[in-house]
Visitor: 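Would you mind keeping the following structure in view while I ask a few things?
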Amino acid sequence: AARLAGELALLAAEPPPGVTCWPSEQRPGQLHARAADTPYEKGIFNLEIVVPERYPFEPPKIRFLTPIYHPNIDAAGRICLDVLKLPPQGAWRPSLNISTLLTSIQLLMAEPNPDDPLMADISSEYKYNKQLFLINAREWTKKYASQQNR
């Protein structure tokens, strides 16, 4: 609890560029985050962060609440990113923190990993028809994540 409080204070004082994060008023151990400044045409994407009791020895569970057209993020908002999973499949370490995870998610948004997809069809489109992928990503962003739709 003390570590999480420290991380939240640091996130409030020095957030990563384009990211905001705050605790849920209704549910202890749950945070909300918002990612902007991504290649997704000024979209604003809301995320849910559930911090487990064993944090930092277990990674938080993070998912997108805003739909996003991305090869590594599925329709339920789950994210395929190694730092969100425990070893041996993942790369989570207790030395990582929520700020680092949010920055990693922003990097994944900017640079998808089509070789480790959750959405095979979007991954294939990203690999073999990037122009179409970009058109679809912009359309989804406009539909689901634009400021006028909030």
Visitor: Report yes if the side chains of K61 and P52 come closer than 4.5 Å at any heavy-atom pair, otherwise no.
Guide: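 Heavy-atom side-chain distance check fails, nothing below 4.5 Å.
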Visitor: To the closest 0.5 Å, what do you measure between CD1 (I135) and NZ (K130)?
Guide: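 It comes to 13.5 Å.
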Visitor: Between Y69 and F133, how do the two ring planes meet: parallel, tilted or perpendicular, split at 30° and 60°?
Guide: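 The rings of Y69 and F133 sit tilted, inter-plane angle from 30° to 60°.
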Visitor: How far apart are the closest heavy atoms of T66 and A145, and which atoms are they?
Guide: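 For T66 and A145, the tightest heavy-atom pair comes out as CG2-CB, 3.8 Å.
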Visitor: Taking the side chain as every heavy atom from C-beta outward, state whether I79 and L84 have any atom pair closer than 4.5 Å.
Guide: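 Yes, close enough: below the 4.5 Å cut-off.
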Visitor: Between T103 (side chain) and S99 (backbone), is there a donor-acceptor pair under 3.5 Å?
Guide: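 At least one qualifying donor-acceptor pair exists.
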Visitor: Please give me the minimum heavy-atom distance between D74 and L118, naming the atom from each residue.
Guide: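 Closest approach of D74 to L118: N-CD1, 3.9 Å.
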Visitor: At their closest point, which heavy atom of P117 faces which heavy atom of D115, and how far apart are they?
Guide: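 Heavy atoms only, the tightest pair is CD-C, 3.4 Å.
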Visitor: Taking all atoms of both residues into account, what is the closest heavy-atom pair of L108 and N113, and its distance?
Guide: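 Nearest pair, atom of L108 first, then N113: CD1-N, 4.1 Å.
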Visitor: Are side-chain heavy atoms of N129 and Q131 found at a separation under 4.5 Å?
Guide: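 Yes. Closest side-chain heavy atoms under 4.5 Å.
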Visitor: Locate the shortest heavy-atom distance separating M109 from H70; write the atom from each residue and the value.
Guide: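 Distance-wise, the nearest heavy atoms are CA-NE2, 3.6 Å.
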Visitor: Is it the case that more than 12 heavy atoms not belonging to R27 sit under 6.0 Å from its CZ atom?
Guide: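 No, because the 6.0 Å sphere around CZ of R27 holds 12 heavy atoms or fewer from other groups.
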Visitor: If you apply the rule side-chain contact (heavy atoms from CB on, under 4.5 Å), what do you find for W22 with R34, and how did you get there?
Guide: CA-CA 9 Å; W22 63 96; R34 186 169 285 152; 4.2 Å; yes
Visitor: Apply side-chain contact (heavy atoms from CB on, under 4.5 Å) to the pair F64 and N46, showing each step before the final yes or no.
Guide: CA-CA 6 Å; F64 275 77; N46 292 311; over 6 Å; no
Visitor: Taking atom types as modelled and ignoring hydrogens, do the side chains of D121 and S124 form a donor-acceptor contact shorter than 3.5 angstrom?
Guide: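 No, because no side-chain N or O of D121 sits under 3.5 Å from a partner of the opposite role on S124.
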Visitor: Please lay out, stage by stage, how V50 and I62 fare under the test side-chain contact (heavy atoms from CB on, under 4.5 Å).
Guide: CA-CA 6 Å; V50 178; I62 303 178; over 6 Å; no
Visitor: For a side-chain contact (heavy atoms from CB on, under 4.5 Å) check, start with the C-alpha distance between I49 and L101, then their side-chain angles and the critical distance, and finish with the verdict.
Guide: CA-CA 10 Å; I49 304 167; L101 294 178; over 6 Å; no
Visitor: Check the surroundings of atom NZ in K85: do more than 12 heavy atoms from other residues, nucleotides or ligands lie under 6.0 Å from it?
Guide: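 More than 12 within 6.0 Å, yes.
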Visitor: Taking the side chain as C-beta and beyond, is there a heavy-atom pair between F45 and I73 under 4.5 Å?
Guide: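 No, their side chains stay 4.5 Å or more apart.
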Visitor: If you define the side chain from C-beta out and look only at heavy atoms, does anything of P16 sit under 4.5 Å from L11?
Guide: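 Yes, close enough: below the 4.5 Å cut-off.
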Visitor: For A36, is there any backbone N or O sitting under 3.5 Å from a side-chain donor or acceptor partner on Q106?
Guide: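 Yes: the side chain of Q106 pairs with the backbone of A36.
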Visitor: Taking all non-hydrogen atoms of both residues, which atom of A76 and which atom of R63 are closest, and how far apart?
Guide: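 Nearest heavy atoms, A76 then R63: O-NH1, 3.4 Å.
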Visitor: Just verifying a value: how many Å separate E58 CD and E53 CD, rounded to the nearest 0.5 Å?
Guide: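 The CD atom of E58 sits 9.5 Å away from the CD atom of E53.
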Visitor: Could you check if a side-chain atom of T141 sits within less than 4.5 angstrom of a side-chain atom of S146, using non-hydrogen atoms only?
Guide: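 No, too far: nothing below the 4.5 Å cut-off.
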Visitor: Please check: side-chain N/O of S104 versus main-chain N/O of T100, any donor-acceptor pairing under 3.5 Å?
Guide: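 Confirmed, S104 side chain pairs with T100 backbone.
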Visitor: Can you tell me how far OG of S24 sits from NE2 of H32, rounded to the nearest 0.5 angstrom?
Guide: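 Atom-to-atom, H32:NE2 and S24:OG are 4.0 Å apart.
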Visitor: Please check this pair: side chain of N72 against backbone of D116, looking for a donor-acceptor N/O pair closer than 3.5 Å.
Guide: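 The answer is yes, because a donor-acceptor pair under 3.5 Å joins these two groups.
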Visitor: Could you walk me through whether E139 and K143 pass the salt bridge (charged side-chain N to carboxylate O under 4.0 Å, His left out) test, one step at a time?
Guide: CA-CA 6 Å; E139 284 179 13; K143 184 174 181 180; over 6 Å; no
Visitor: Report yes or no: does W92 contribute a side-chain atom to a donor-acceptor pair with the main-chain N or O of P56 at less than 3.5 Å?
Guide: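 Pair found, side chain donor or acceptor close to backbone of P56.
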Visitor: Does any non-hydrogen side-chain atom of I98 lie less than 4.5 Å from one of Y55?
Guide: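 Side chain of Y55 against side chain of I98, heavy atoms only: contact under 4.5 Å found.
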